[in-house]
A.B. asks: 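Please see the structure below; I have some questions.
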Amino acid sequence: MFSPELRILDVSLNRLREALRVMEDYARFALDDADAAAAIKRLRHEAREIAEVIGVEELMAARDIVGDVGRDERASAELLRGAARDVAGAAIGRAQEAARGICEYSKTVAPQAAERAERIRHAVYELEQRLLLRGA
C-alpha cells in the first residue's frame, strides 16, 4: 500500500525541480543573469535535499505513473507559450504551487522539510520579480 502523502510529495518535488530548471535556463540564457541562475541552482539543490530528508527511495516507491488519473489531462493553455518570458512565468507559477504543496504535505511525514519548502517558495516569489520584471 502506498502513502498518498509520499506520492504527492514525490510529484511535487519533481515538479519543483523541473520548474526551477526552466527558470534557471531563462535566467542564464535569456537574461544572462549569472547571479539569478546561481540562486535558482541553489534552490534546486535545496529541493533535492528535501527529498533526501523525506527519503528518496520511499518517494520513488510511492510513485504510480500508470495509475495517475490526471496524467493525460492538459489545459489548452499549457501547450501555448508566446515567448521565453511566458515559459519562465509558467515555470515560476508551477514552482510556487509545488513548494506550497511540499510545505503542507511534508508536515505529515517530515516536518523539518516544511520550513525548507517555505523558504524556497518565498525565494521563488522574489525571483519572480527579478526574472519577469527584468525580462519585460
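Note that this is a predicted model, so its numbers are computed, not measured. Below, all heavy atoms of this structure are taken into account, side chains as well, without hydrogens, waters or symmetry copies.
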A.B. asks: Atom CZ of residue position Arg63 - does it have more than 12 heavy atoms of other residues, nucleotides or ligands inside 6.0 Å?
C.D. replies: yes
A.B. asks: Quick one: does Arg85's side chain have a donor or acceptor within less than 3.5 Å of a partner on Leu132's backbone?
C.D. replies: yes
A.B. asks: If I compare all heavy atoms of Ser12 with all of Ala98, which pair ends up nearest, and what's the gap?
C.D. replies: O-CB, 3.5 Å
A.B. asks: Can you tell me how far the CD atom of Glu5 sits from the CD atom of Glu58, to the nearest 0.5 Å?
C.D. replies: 14.0 Å
A.B. asks: Is there a side-chain hydrogen bond (donor to acceptor under 3.5 Å, both in side chains) between Arg48 and His45 once you walk through the steps?
C.D. replies: CA-CA 5 Å; Arg48 189 182 69 233; His45 288 279; 2.9 Å; yes
A.B. asks: So which atom in Cys103 and which in Ala117 form the shortest heavy-atom distance, rounded to 0.1 Å?
C.D. replies: N-CB, 3.7 Å
A.B. asks: Identify whether Leu31 and Ile92 are in the same connected component of the hydrophobic contact network (ILVMFWY, side-chain heavy atoms under 4.5 Å).
C.D. replies: yes
A.B. asks: Using a cut-off of 6.0 Å, state whether more than 12 heavy atoms not belonging to Glu57 lie near its atom CD.
C.D. replies: no
A.B. asks: Working to the nearest 0.5 angstrom, can you tell me the gap between Ile40 CD1 and Ile120 CD1?
C.D. replies: 12.5 Å
A.B. asks: Hey, what do you get for CG (Leu13) to CD (Glu18), rounding to the nearest 0.5 Å?
C.D. replies: 10.5 Å
A.B. asks: Is Leu20 close to Met23 at the side-chain level, that is, under 4.5 Å between some pair of heavy atoms?
C.D. replies: yes
A.B. asks: Quick one: pull up OG in Ser106 and CG in Leu6 and give me the separation to the nearest 0.5 Å.
C.D. replies: 11.0 Å
A.B. asks: Looking at Glu24 and Arg21, is any side-chain nitrogen of the basic one under 4.0 Å from a carboxylate oxygen of the acidic one?
C.D. replies: yes
A.B. asks: So how far is it from Ile50 CD1 to Gln112 CD, rounded to the nearest 0.5 Å?
C.D. replies: 10.0 Å
A.B. asks: Before you tell me yes or no, could you show the steps for Glu97 and Arg94 under salt bridge (Lys or Arg N to Asp or Glu O under 4.0 Å), namely the whole-Å CA-CA distance, both residues' side-chain angles and the distance that decides it to 0.1 Å?
C.D. replies: CA-CA 5 Å; Glu97 293 166 0; Arg94 279 193 308 279; over 6 Å; no
A.B. asks: For Glu49, does the CD atom sit with more than 12 other heavy atoms under 6.0 Å from it, leaving out its own atoms?
C.D. replies: yes
A.B. asks: For the residue pair His122 / Glu118, report whether a side-chain donor-acceptor contact shorter than 3.5 Å exists.
C.D. replies: yes
A.B. asks: Please step through side chain to side chain contact (heavy atoms under 4.5 Å, CB included) for the pair Arg130 and Asp33, ending with a clear verdict.
C.D. replies: CA-CA 10 Å; Arg130 181 175 184 160; Asp33 188 335; 2.8 Å; yes
A.B. asks: Between the main-chain N or O of Val22 and the side-chain N or O of Asp25, is there a donor-acceptor pair closer than 3.5 Å?
C.D. replies: no
A.B. asks: Measure the spacing between NZ of Lys41 and CZ of Arg28 and express it to the nearest 0.5 Å.
C.D. replies: 8.0 Å
A.B. asks: Count I, L, V, M, F, W, Y as connected when their side-chain heavy atoms are under 4.5 Å apart, and connections chain through other members. Are Leu59 and Ile8 then in the same cluster?
C.D. replies: yes
A.B. asks: Would you name the heavy atoms of Ala95 and Leu16 that are closest together and state the gap between them?
C.D. replies: O-CD1, 3.6 Å
A.B. asks: Are Arg42 and Glu46 side-chain neighbours, meaning at least one heavy-atom pair lies under 4.5 Å?
C.D. replies: no
A.B. asks: Please answer: with hydrophobic residues joined when any side-chain heavy atoms are less than 4.5 Å apart, are Tyr105 and Val109 in the same cluster?
C.D. replies: yes
